[in-house]
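Worksheet: one structure, shown below.
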Amino acid sequence: MEIALARLYNSPTTNVIGVDNMTVSNQTVADIFDQCAKMLQIKGESVHRWMAYSRVAEAIRDLPRDLSAMAQDRTLHDIPGVGKVLAEKIEELLNTGQLAFHQELQKEVPLGVVEMTEIHGVGPKKATLFWKQLNITTVAQLEQAALEGRLATLEGMGKKSEQKILESIQSQKKHRDRTPLGVALPIAKNILAYVLELDEALHGEIAGSIRRGRPTIGDVDLLVAGTNPEAIMQRFVSHGEVEHINGQGKTKSSVVLRNGLQVDLWVLEPSRFGTALQYASGSQMHNIRIREIALKAGYSLNEHALTPINAAGELLSEQEILCATEEAVYAHIGLPWIAPELREDNGEIEAAKAQQLPHLVELQHIRADLHMHTTWSDGSKTIREMAEAARARGLEYICITDHSITSRVANGLGIDRLLQQREEVQRVNAAMGNGFTILHGTEMDIQLNGTLDYPDDILEQLDFVIASLHFGLSQDRATITKRLLNAINNPHVDMIAHMRGQLIMSREPADLDMDQVFAAAQKTGIAFEINSNPKRLDLEAQYARRAVEMGIPISINTDSHRIEQLANLDYGIRTARRGWVPSERVINTWSLERFREWVGKRGKA
DNA sequence: GCCGTTTTCGGCCCGACTGTTTTCAGTCG
């Protein structure tokens, strides 16, 4: 996990004293807790103490509510890992914009030393060594010292270590951030396929955070079952995109690609594939919990096997249990298989124990795509071409939802063209024949003042109405929330698309008051979209989960502007599964009849 | 610092790889 120091420093909340009318974001609290964890670690505090801060930071990042709202409800203790001390620290941050404990720590450990530990190959011990021995307190100073050969003279260091640190600093300058899922997944598939071309590589899986469906990826984890690890590893490191080999062993190797992405490969014999896949899929916190449960059941669990432990606490290695599948791993410790997208230690283990895991939506459950564009606005294909492509992908119905008039750059439709388009939809529908239906809808803009682009008497005539925020996304919280509520409260609007307006790693989400938004949606019965475009993946999983818990319907759509984008549905499904979304709650898994009935009950024919 | 069909204290997962050692510490996942 990387700490975004720049973001933390630039956040006004850390510099302002005595703020009362300023909201401290969840992100800021998480960043400060992460820094506390790092500083405690450098200070040599107990691993359990600093891990407590790190765990809570991670939990806060995945929270679907504002900490400030939770503090008012007195529900901070509901966050796993938050006890008396951390709840008080969160409240201090929310109330004052700063944390005295954090500032005290900074007097003992310079933040530049924390920053050094973010360099690959530099941990708390090395960072402390450079700081205490050479008085180095910034990454720039560390780079200079490495160039001058001063690091190699230290105890426990040598020329090779110095060179590695130098390379890490320089490579980190090129590639600091995480990688979007939409970039990492195709690369992972490509490299895995390349390795599997080798006869000795029997089968494999993409593991890690890609398998869990996270919207951004730190590194790619691959797993291969095979009989000749050396040959498989050699094949792996000889892939054309490999720029640097971090390490190459018999069971694990790690490389860096030309684009800066790190890829790790584990190779195990097929009989151990299940334990290895379970291990490599993570998350770390899920695995810690699973291994604790294994211990209570009398086993030590690692990536190779489940090993029984006798009363004296000794491993009975000769009795180890091999698992070729993940199902076997979970079964041996008394749990049903848990879908990888749920494995974040976010309640999935408790649900598994209670036999209450959700029946998650799958790609093949989807019968319709309710959000796509054509040449009528900014799409590249005609209604007919989009329909044919959707039918070829196995869908039963689609809804054409071109932009409305306010999106002038997207050639948005005025009322006249919207009505003309309806006639063409009817013509193409007839031409398509039985067994496939094209619905006519719109993706209607919500104007800056909250006004909708079409009047109610026009909306009434459409099969399905989407409302979207496309601009003015940096309005203040009260303004943009009111604007969105205006759309949610219109009975003719059936769905809000890509609600928060985020673009992964390039645009922050709008500052919506999500408590108000969810409450309004629960009242009106409107659906929320999970947009499958890998640049959006909006709603994010934690909000999708909250929607499910509140009974708000979900729709998973591609927002396609080109035929190839229809395949993006896979990303939306992964996001929905991370959000614990069961298929019966997804309106486009329903038959056309049921879907029409649902829309009809919302106030239209 | 958290947590509890081992509850208010004593626990809190497990192994691979590298470089510097000469048996292991540090880092990473």
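Basis for what follows: all heavy atoms, side chains included, without hydrogens, waters or symmetry-related copies. First the proteins, then the strands, lettered A, B, ... as listed; each starts at 1.
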Item to check | Atom-to-atom span, CD of A:E45 to C1' of B:dC12 - whole angstrom | outcome: 16 Å
Checklist outcome for this item: 5'-most contact on DNA chain B (nearest-nucleotide basis), A:E162 vs A:P80, goes to A:P80
Checklist entry - Heavy atoms under 4.0 Å, any strand shown: does A:I165 hit a base, just sugar-phosphate, or nothing? => result nothing
Checklist entry - Looking at A:Y279, does any N or O in its side chain come under 4.0 Å of the phosphate oxygens OP1/OP2 on B:dC14? => result no
Checklist entry - Heavy-atom distance under 4.5 Å between the side chains of A:I338 and A:R343, does that happen here? => result yes
Checklist entry - How long is the line joining CG of A:N287 and C1' of B:dC12, in whole Å? => result 16 Å
Item to check | Nucleotide nearest A:L86 (side chain, heavy atoms from C-beta), chosen from B:dG1, B:dG19, B:dG15 | outcome: B:dG1
Checklist entry - With sugar-phosphate meaning primed atoms plus P, OP1 and OP2, does A:S300 contact a base, only sugar-phosphate, or nothing at under 4.0 Å between heavy atoms? => result sugar-phosphate
Checklist outcome for this item: Of B:dA16, B:dC13, B:dG1, the nucleotide closest to the side chain of A:T251 is B:dA16
Next on the checklist: If I take atom NZ in residue A:K160 and atom P in nucleotide B:dT27, what distance separates them, rounded to the nearest angstrom?
Outcome noted: 18 Å
Checklist entry - Hey, does A:E155 reach any base, or is it just sugar-phosphate, or nothing, if we go heavy atoms under 4.0 Å? => result nothing
Checklist entry - Between atom CD in A:E292 and atom C1' in B:dG4, what is the gap in whole Å? => result 12 Å
Next on the checklist: Using a heavy-atom cut-off of 4.0 Å across all strands, would you classify A:V122 as base, sugar-phosphate, or nothing?
Outcome noted: sugar-phosphate
Next on the checklist: If you compare every side-chain N and O of A:R49 against the phosphate oxygens of B:dG1 (OP1, OP2), does one of them come in below 4.0 Å?
Outcome noted: yes
Next on the checklist: Can you see if the side chain of A:H304 gets near the phosphate of B:dA16 - specifically, an N or O under 4.0 Å from OP1 or OP2?
Outcome noted: yes
Next on the checklist: Within the 4.0 Å heavy-atom criterion, would you say A:L295 contacts the bases, only the backbone, or no part of the nucleic acid?
Outcome noted: sugar-phosphate
Checklist entry - Looking at side-chain heavy atoms only, is the closest gap between A:R212 and A:E341 below 4.5 Å? => result no
Next on the checklist: Within the 4.0 Å heavy-atom criterion, would you say A:M51 contacts the bases, only the backbone, or no part of the nucleic acid?
Outcome noted: nothing
Item to check | A:L99 CG to B:dG1 P, straight-line distance once rounded to whole Å | outcome: 11 Å
Checklist entry - B:dC3 C1' sits how many Å from A:I349 CD1, rounded? => result 15 Å
Next on the checklist: With a 4.0 Å limit, can you tell me whether A:Q248 has a side-chain N or O closer than that to the phosphate oxygens OP1/OP2 of B:dA16?
Outcome noted: no
Checklist entry - How are the rings of A:Y330 and A:H286 set relative to one another: parallel (under 30°), tilted (30 to 60°) or perpendicular (over 60°)? => result tilted
Next on the checklist: As a test of reading the structure: which of B:dG1, B:dT20, B:dT27 is closest to the side chain of A:H48, going by heavy atoms?
Outcome noted: B:dG1
Item to check | Spacing of the C1' atoms in B:dG26 and B:dT20 (rounded, Å) | outcome: 11 Å
